Every structure is written in structure tokens, then in C-alpha cells.
Amino acid sequence: MDEIRKIYSILYDSYGPQGWWPLLGLKGGVNPTKTGSVNGYHPGDYSYPRNSAERFEICCGAVLTQNTSWPQVEKALLALKDEGLLSSTAMHYSDVEKIKPRIKPAGYFNQKAQYLKELTSFFINLRGVPRRDDVLGIKGVGDETADSIMLYAFGQASFVVDAYTHRIFTRMGLVEKDAKYLEIKKMFEDALATDVELYQEYHALIVEHAKRHCKTKPECEGCVLKEICKY
DNA sequence: TTCCAGGCAATAC
DNA sequence: GTATTGCATGGA
């Protein structure tokens, strides 16, 4: 489907590189075309993560952001870091009850604290790059979180589908409203070259577009995809 | 006040 | 295999 590539071009030309995945401690390139905070983003720089600590931070963020906005996740990550808990070993040997109050801003803190602990066991046993199925085996990690981890933490070309992707491409007329996760994922991977940077950028652009225009209640005024959208 | 946010697992058919 | 429900905080 050529539309998939065309939409990418429009979004990239309109919004520019998004600099995902955000990391604490980065100044983040100034990117005035982006909504919200630019903290931690690194537009045009695909060299992250640069070490194991950053890799673990991305995985934690991927779990914490489930059904939760990023500013709330940032608060939780900072709180963990303040307590010295944002490392796989420190968190692994920490009591789960010590994690809970730190991640409260991200919601579902009882579940997510346990999920983070599951992550630490995975990390400690991990050698090299995991398979998607290995990541999916972690309790608390479903399709989207697994793909986020593969794509942004391990630099593997695994396309991420989220609620925004489903919403935008359903409205565009390219996805059925009851389409399965893996069907949508395959559609993108079949249409695009197998390219990590492209996958990283496309997913981030989808999120940006959903925040700007393709909201729950769409704001089609000024939408850059308006001409080719069936909504 | 109500709705929404970068989902997931458990449960019920 | 598909549909429903609980999980929770905080901003708009």
C-alpha cells in the first residue's frame, strides 16, 4: 500500500523528526514543531540507547506509559531515579512496596510495580538481543509494549501499533475498525522498507499527529492529511 | 463533572 | 477466539 509511505512523507515533512524514545537527562533538541514538552527527545539522532541503563529506562517507560500520558510517566521515572531504583539490579532487589509510591503518577501502580519487577528478572537473565516472543512472555508486556521495547530499546525493526495508529488509519479508510493488532502491524511492515529509523520515526509521527489533530474528537481544521482522509 | 491518556491480564462466554 | 471488566492518577 503506497498510501502508507505517502502518509509518512506528509507527516515527516510537516512535523519533522520526533526524537523518540525520550530519555531522562537529555536536554532534548529544540523542536518547536512538536507538541508538549521536548524534554528527553533527541530529534534526528538515532544513536540511543547508548548503554544498558538507557535501555532499561526505555523498557520501564514502555510499561509505565500503558494507557497513561507521557508527562505522568516522566514524573514516575524521575521519582524512581531519585531513589536510585532506575536500574535493573537495584529495582530487582528492592521490595515492590518501595516501588509503588514512586510510580503513582503513572496510574495502575499496584500492577505496574509488579510488571517492573518482572522486567528486572528478564533483564538480569538477558544475553544479547531478545526475540519478540521472549519479550511478550514478560507479564505486563503485550503486543504494543513488546514492539516498543524491540524497536526503541533494542533497535529491532518491529513496527509499533497503538490506539492512535488504529484511530488514524481507520479514519483514513485504510484499516477496518475491528482489525487485529498483528494485521495492522503486518500492513505497515509489508508497505515499508525494513528500516529501524523509519519505524521509529513513523510511530512517533503517528502519536504526534493524533495529539494535534486526530484526537478522540477529531480536529480536521488544518489537518495535513485532510485531502487524502476519508473521514 | 466527565472524559481521556503512547494497554494488559483475568475472566466469562 | 472474542467480549467485558478492573486497574488509577492527573490534566483538559
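All of these numbers come straight from a predicted model, not from anything done at the bench. Below, chain A is the first sequence line, B the second, and so on; all start at residue 1. Just so you know, these numbers use all the heavy atoms, side chains as well, and skip hydrogens, waters and symmetry mates.
- Counting any heavy atom pair closer than 4.0 Å across all strands shown, Ala163(A) reaches sugar-phosphate atoms only and no base atom.
- Of the candidates dT9(C), dG7(B), dT2(C), the closest approach to any side-chain atom of Lys180(A) belongs to dT2(C).
- For the residue pair Thr68(A)/Lys112(A), the side-chain donor-acceptor check at 3.5 Å is satisfied.
- Among the nucleotides dA5(B), dG10(C), dG7(B), the one closest to any side-chain atom of Arg167(A) is dA5(B).
- Figure legend: Arg50(A) and Tyr48(A) shown as a cation-pi pair, the cationic atom lying under 6.0 angstrom from the six-membered ring centre and within 45 degrees of its axis.
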- In sequence, state the C-alpha distance, the side-chain angles, and the governing distance for Ile7(A) and Leu174(A), and then conclude on side chain to side chain contact (heavy atoms under 4.5 Å, CB included). CA-CA 11 Å; Ile7(A) 291 167; Leu174(A) 298 172; 3.7 Å; yes
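- In terms of phosphate contacts, Lys75(A) brings a side-chain nitrogen or oxygen within less than 4.0 Å of OP1 or OP2 of dG11(C).
- The residue Gln111(A) sits close to a base: some heavy atom pair falls under 4.0 Å.
- Residues Trp70(A) and Trp21(A) place their aromatic rings such that the two centres sit under 6.0 Å apart.
- A donor-acceptor pair shorter than 3.5 Å can be found between the side chains of Asp147(A) and Tyr181(A).
- Lys215(A) comes within 4.0 angstrom of nothing in the nucleic acid, heavy atoms only.
- Ile228(A) and Met187(A) fall within the same hydrophobic cluster, where Ile, Leu, Val, Met, Phe, Trp and Tyr residues are linked whenever their side-chain heavy atoms come under 4.5 Å apart, directly or through other members.
- Computed from coordinates, the Gln72(A) CD to dA8(C) C1' distance equals 11 Å when rounded to whole Å.
- Geometrically, Lys100(A) does not engage Phe109(A) in a cation-pi contact, judged by NZ or CZ lying under 6.0 Å from the ring centre and within 45° of the ring axis.
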- Yes or no on salt bridge (charged side-chain N to carboxylate O under 4.0 Å, His left out) for Arg5(A) and Asp2(A), after CA distance, side-chain angles and deciding distance? CA-CA 5 Å; Arg5(A) 291 192 293 276; Asp2(A) 207 46; 2.5 Å; yes
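- Between dA8(C) and Thr68(A), no contact under 4.0 Å exists linking OP1 or OP2 to a side-chain N or O.
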- Test log, rule side chain to side chain contact (heavy atoms under 4.5 Å, CB included), inputs Ile138(A) and Tyr115(A): CA-CA 8 Å; Ile138(A) 307 168; Tyr115(A) 294 166; over 6 Å; no
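- Remark: the separation of the P atoms in dT11(B) and dA8(C) is 16 Å, to the nearest Å.
- Within the 4.0 angstrom heavy-atom criterion, base atoms lie near Tyr108(A).
- Classification of the Tyr152(A)-His203(A) ring pair by plane angle, with boundaries at 30° and 60°, yields tilted.
- Residues satisfying the side-chain hydrogen bond (donor to acceptor under 3.5 Å, both in side chains) criterion with Glu118(A), sequence neighbours excluded, are Gln114(A).
- Between Asn110(A) and the phosphate of dA8(C), there is a side-chain N or O to OP1/OP2 separation shorter than 4.0 Å.
- Separating the CZ atom of Phe109(A) from the C1' atom of dC7(C) is a distance of 10 Å, rounded to the nearest angstrom.
- In the region residues 135-143 of chain A, proximity to DNA chain B at under 4.0 angstrom, judged on heavy atoms, holds for Ile138(A), Lys139(A), Gly140(A), Val141(A), Gly142(A), Asp143(A).
- In this structure, the ring-ring contact (aromatic ring centres under 6.0 Å, His included) partners of Tyr199(A), at least two apart in sequence or on a different chain, are Phe159(A).
- No donor-acceptor contact under 3.5 angstrom links the side chains of Glu189(A) and Thr194(A), judged on distance only.
- Residues of residues 113-121 of chain A having a heavy atom closer than 4.0 Å to DNA chain C: none are found.
- Proximity of residues 44-66 of chain A to DNA chain B (heavy atom under 4.0 angstrom from any strand atom) is restricted to Thr65(A), Gln66(A).
- Side-chain atoms of Glu201(A) and Tyr46(A) form a donor-acceptor pair, as typed in the model, at a separation below 3.5 Å.
- A heavy atom lying under 4.0 Å from DNA chain B marks the following residues of residues 144-159 of chain A, by number: Glu144(A), Thr145(A).
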